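Okay, so here's the structure we're looking at.
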Amino acid sequence: MCGRVSLGDLTTDNLREYFVLDQVAPIPNSFNVAPSQLLPVVRQLGRSRVLHLLLWGLVPHWAKDREIARHTFNARIETLTRKPSFRAPFKAQRCIVTASGFYEWQKQEEQKQPFYVHRPSRQPLALAGLWDAWLDKESGNLIESCTIVTTKATGAMADIHQRMPAILDPELFAAWLDPRFGDTHRLQDLLESNTPELEMFPVSGYVSNAHNDGDRCLRPLETASHR
DNA sequence: CCAGACGTTGTT
DNA sequence: GTCTGG
DNA sequence: CCAGACGTTGTT
DNA sequence: GTCTGG
């Protein structure tokens, strides 16, 4: 899961402030983002260089084409150290995917009910991410791409879905972004044991079509209990 | 050694 | 690039 | 993740 | 059913 995130009212400036400097990719011209689209990402680099593209769906540097990205938009935290696509990025190419919230679909009898999930404080979410760079030999472009780490759902999220994105609290930002921080097991443990406070409410199925964008996606759904 | 995979969700 | 399976 | 397509010949 | 696009 974690197949769509909301950028809501995030701006490059308020993210820079929230994360304290670091490098923030430009906010794409889209309110809600789905796999294969551009994502804003915070990360630290050894030296500055040009960003070409930053796609959601990690394409490893050794990939022959970008087809694999279809299956790498999420990375299970339980197996990060074993999967060839994620092993090296987990060691030294960690990033933070910024979002105001994310969408999750709850399977009901005959349908899937989307929910919007966010911090009660409405502060931005820092989703644990990994990135890599891939040279597209067809176009000559350097394609930078990323994935969102998932973990077992906790708290109220567990009523909606089995999995959820791994969420970083501010005290973990520095270590997560530092490619020289080598205690990856500690990072794994901290993420897996984190039980972030999250709020959620049902939204219209309008959000389920990736063509639909804008704040209509996160408008609360009218329910019987409101009558 | 070489060839081939390299992934998640969810569903059965 | 690196690991697994044959 | 979900939604939507799923095809050819030939023409511009 | 399975693949592609967002």
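Naming convention: chains lettered A, B, ... in sequence-line order (proteins, then strands); numbering from 1 in each chain. The analysis underlying the following values was restricted to heavy atoms, covering all of them including side chains, and did not include hydrogens, waters or symmetry mates. Computed from a predicted model, the values in this text were never measured in an experiment.
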Quiz item: Taking atom CD of E192(A) as the centre, does the number of heavy atoms from other residues, nucleotides or ligands within less than 6.0 Å exceed 12?
Solution: yes

Self-check item: Gap in Å between the two P atoms, one belonging to dT8(D) and one to dC6(B), rounded
Solution: 29 Å

Quiz item: Reckon R163(A) touches a base, only the sugar-phosphate, or nothing at all at heavy-atom distances under 4.0 Å?
Solution: sugar-phosphate

Practice problem: Taking atom CD of E138(A) as the centre, report whether more than 12 heavy atoms of other residues, nucleotides or ligands fall under 6.0 Å from it. | Solution: no

Quiz item: How is A63(A) classified with respect to the nucleic acid when contacts are heavy atoms under 4.0 Å: base, sugar-phosphate, or nothing?
Solution: nothing

Exercise. Looking at every strand, decide which applies to T72(A) at a 4.0 Å heavy-atom threshold: base, sugar-phosphate, or nothing.
Key: sugar-phosphate

Quiz item: Using Watson-Crick and G-U wobble pairs with both distances under 3.5 Å, what is the 5'-to-3' dot-bracket string of DNA chain D, with [ ] for crossing pairs and | for pairs outside the strand?
Solution: ||||||......

Quiz item: Yes or no on salt bridge (Lys or Arg N to Asp or Glu O under 4.0 Å) for E144(A) and R43(A), after CA distance, side-chain angles and deciding distance?
Solution: CA-CA 12 Å; E144(A) 302 201 304; R43(A) 61 187 200 196; 3.1 Å; yes

Quiz prompt | I68(A), nearest nucleotide to its side chain (from dC2(D), dA3(D), dC6(B)) | solution = dC6(B)

Quiz prompt | Pair D169(A) + R119(A), salt bridge at N-O below 4.0 Å | solution = yes

Quiz item: Say you pick atom C1' in dG5(E) and the same atom in dA3(B); how far apart are they, in whole Å?
Solution: 31 Å

Self-check item: Greater than 12 external heavy atoms within 6.0 Å of N29(A)'s CG
Solution: no

Practice problem: Consider only side-chain heavy atoms of I, L, V, M, F, W and Y, link residues closer than 4.5 Å, and tell whether F201(A) and W105(A) are in one cluster. | Solution: yes

Exercise. Would you mind classifying the nucleic acid contact of Y103(A) as base, sugar-phosphate or nothing, using non-hydrogen atoms under 4.0 angstrom?
Key: nothing

Self-check item: Proximal nucleotide (of dC6(B), dC2(D), dT8(B)) relative to the S85(A) side chain
Solution: dC6(B)

Quiz item: Taking atom P in both dT2(E) and dT11(B), what distance in whole Å separates the two?
Solution: 16 Å

Practice problem: Pick the P atom in dC3(E) and in dA5(B), then give their distance to the nearest Å. | Solution: 14 Å

Exercise. Please work out if T150(A) contacts a base, only the sugar-phosphate, or nothing of the nucleic acid, heavy-atom cut-off 4.0 Å.
Key: sugar-phosphate

Quiz item: Thinking salt bridges, do K112(A) and E104(A) make one under a 4.0 Å N-O criterion?
Solution: no

Quiz item: How far does the P atom of dG1(E) sit from the matching atom of dT9(D), given to the nearest Å?
Solution: 29 Å

Quiz item: Any ion pair linking R122(A) and E199(A) (charged N to carboxylate O, less than 4.0 Å)?
Solution: no

Quiz prompt | Contact boundaries on DNA chain E for chain A, cut-off under 4.0 Å to non-hydrogen atoms | solution = dT4(E) to dG6(E)

Quiz item: Of all residues at least two apart in sequence or in a different chain, which pass the side chain to side chain contact (heavy atoms under 4.5 Å, CB included) check with S6(A)?
Solution: F31(A), N32(A), S100(A), Y103(A), Y116(A), L218(A)

Self-check item: Under 5.5 Å and under 30°: W62(A) stacked on dC6(B)
Solution: yes

